[in-house]
There are 2 protein chains.
Amino acid sequence: MARPRGSDGAQTRERILAVAQELFTRQGYDKTSLRDIAERLDITKAALYYYFPRKEDILLELHLRLQTLGETIIAELEAAPDGAARVAIWPRLANEMIDFMVDNRELLLLHNRNRSAFESLEAAMVQGGRDVEVRFERILSSPAMALRERVRMAAMVGVITEVFGESAAAFEDVPPEELADLVREVIADLTRVPASELHVSD
Amino acid sequence: MARPRGSDGAQTRERILAVAQELFTRQGYDKTSLRDIAERLDITKAALYYYFPRKEDILLELHLRLQTLGETIIAELEAAPDGAARVAIWPRLANEMIDFMVDNRELLLLHNRNRSAFESLEAAMVQGGRDVEVRFERILSSPAMALRERVRMAAMVGVITEVFGESAAAFEDVPPEELADLVREVIADLTRVPASELHVSD
DNA sequence: GTCTATATAGGGATAGAC
DNA sequence: GTCTATCCCTATATAGAC
């Protein structure tokens with residue numbers, strides 16, 4: 001446990017990422033200096049540069065972790081033929097998304113709080129449209145789906161990111177699974193035929 | 001029209017705010033320097049300081065505009081007694097929120113993209129809890145409401161901010177009123193009794 | 001693998017003329 | 001009300017010793 005000489009290596013790297021994630025989320029990426037991170041870890045700024053050539057690279061790595069996770073869902077969506085088929089599988093994928101959020105609230109929060117910073121990152125990326133958000137927007141824009149369904153697709157994403165992201169603090173004391181169940185319920189409601197098209201006495 | 005000597009005054013102020021809003025949204029608050037803003041307006045950095053003592057003050061003013069608008073809704077919510085009464089009026093307020101978003105997408109986008117910057121601002125504010133978001137979170141946290149309703153309240157906010165905010169680009173070509181109607185429909189669906197509690201053949 | 005020391009740039013902010 | 005000139009600080013990043 002007690003690391004020997006020049007500290008461990010891969011371990012330090014992880015610790016840097018953990019601290020960075022926390023500070024980036026709390027104070028924002030731009031307002032967090034390398035000094036802040038280094039002091040928290042009791043190492044020097046220069047030491048950071050051994051692991052990450054540029055500050056951006058820290059953010060990038062965090063970004064990629066979220067991307068990898070989202071990738072699975074987006075890929076499934078893209079695999080389905082454009083149009084009604086995508087509408088059909090979406091509710092299932094939304095549920096996958098919920099499971100994934102339960103385990104990764106922090107990463108989502110980091111992302112939400114630093115949207116503009118992440119975007120500068122994406123601009124610097126070589127790949128034109130590998131980014132999960134860009135790909136999702138593309139799907140959402142498709143005229144092959146009915147507008148109502150497109151709106152509902154966006155709505156479901158909004159529900160999930162709000163409850164597990166920005167409003168997460170309000171549900172701190174709620175067991176994650178209970179919260180997830182309630183959100184699943186909401187998703188189910190959005191999947192059903194809207195009230196305006198039912199002959200139901202309200 | 002052709003402004004006389006040293007330009008107009010209040011007009012310039014507005015132009016500064018307009019340009020700032022655009023750049024802050026596009027590139028992010030931190031990545032936008034006063035130089036950027038000044039060059040776009042063909043004035044010098046120093047001229048900016050005549051209107052705004054600090055860079056933060058530009059952001060602050062933009063912030064306050066959004067706050068003023070949100071204030072109305074939050075105040076109504078707070079006026080109702082905690083608990084079921086708030087659940088009852090919320091759907092109506094959500095509709096107000098939609099109307100308001102239709103007219104103020106840009107301001108919302110600015111806010112979403114610069115969450116952390118706005119938060120540093122709020123920390124500097126004297127008032128402990130005048131901030132709309134803080135007050136909403138407080139309401140959302142109240143144990144006087146059923147957890148299901150609290151989740152749905154958050155969900156509705158998520159729907160609105162997602163469709164009119166982050167995913168707005170995907171609905172660019174859709175007439176705002178048509179979009180608003182579809183979102184209203186979603187809100188209505190979230191207000192109804194969930195499917196799991198109905199005896200409806202699905 | 002981590003340090004000290006330093007380079008360098010860019011940003012916010014001010015003083016004072018016009 | 002706007003400009004020129006300039007200050008000062010902080011932040012990223014590098015060089016090179018241990």
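Numbers restart at 1 for each chain; the letters A, B, ... are given by sequence-line order, proteins then strands.
Proximity of A:Tyr49 to the phosphate of C:dG1: no side-chain N or O atom is located under 4.0 Å from OP1 or OP2. Taking side-chain N and O atoms only, B:Ser33 has a distance below 4.0 Å to OP1 or OP2 of C:dG11. Side-chain N/O atoms of B:Tyr50 include one lying less than 4.0 angstrom from OP1 or OP2 on D:dG1. Taking 4.0 angstrom as the limit, B:Thr12 places a side-chain polar atom (N or O) nearer than this to OP1 or OP2 of D:dT2. OP1 and OP2 of D:dT12 both lie 4.0 Å or more from every side-chain N or O belonging to A:Arg54. OP1 or OP2 of C:dC3 sits under 4.0 Å from a side-chain N or O of A:Thr44.
The OH atom of A:Tyr29 sits 8 Å away from the P atom of D:dT12 (whole-angstrom rounding). What separates CG of A:Leu34 from C1' of D:dT14 is a distance of 13 Å, to the nearest Å. Distance, B:Arg35 CZ to C:dA9 P: 13 Å, rounded to whole Å. In this entry the distance linking CD1 of A:Ile37 with P of D:dA11 reads 12 Å, nearest Å. In this structure, the NZ atom of A:Lys31 is 12 Å from the C1' atom of C:dG12, given to the nearest Å. Between the C1' atom of C:dT8 and the NZ atom of A:Lys55 lies a distance of 17 Å, rounded to the nearest Å. Note: CG (B:Asp30) to P (D:dA11) measures 12 Å, nearest angstrom. Counting to the nearest Å, the P atom of D:dC3 and the CG atom of B:Leu48 are 9 Å from each other.
Looking at the side chain of A:Ala46, the nearest of the listed nucleotides D:dT14, C:dT14, D:dT12 is D:dT14. Considering only side-chain atoms of A:Ala47, the nucleotide from D:dT12, D:dT4, C:dC3 that sits closest is C:dC3.
Residue B:Gln67 forms a side-chain contact (heavy atoms from CB on, under 4.5 Å) with just one option from B:Ile74, B:Leu60, B:Val132, B:Leu62, and that option is B:Val132. With B:Glu61 as reference, B:Arg13 is the one residue of B:Arg13, B:Lys55, B:Arg54 to meet the salt bridge (charged side-chain N to carboxylate O under 4.0 Å, His left out) rule. Paired with B:His111 under the rule ring-ring contact (aromatic ring centres under 6.0 Å, His included), one option of B:Phe164, B:Phe118, B:Phe24 passes, and it is B:Phe118.
Looking at heavy atoms from C-beta onward, A:Ser167 lies out of side-chain contact with B:Val157 at the 4.5 angstrom threshold. Inter-residue side-chain proximity for B:Asp99 and B:Asp103 is flagged as unmet; no heavy-atom pair is nearer than 4.5 Å.
For B:Lys45 and C:dG11, a side-chain-to-base donor-acceptor distance below 3.5 Å is absent, hydrogens and geometry of angles not being considered.
Summary of the strand contacts: B:Ile43 and A:Pro53 both lie near DNA chain D, and taking for each the nucleotide with the nearest heavy atom, the more 5' one is attributed to B:Ile43.
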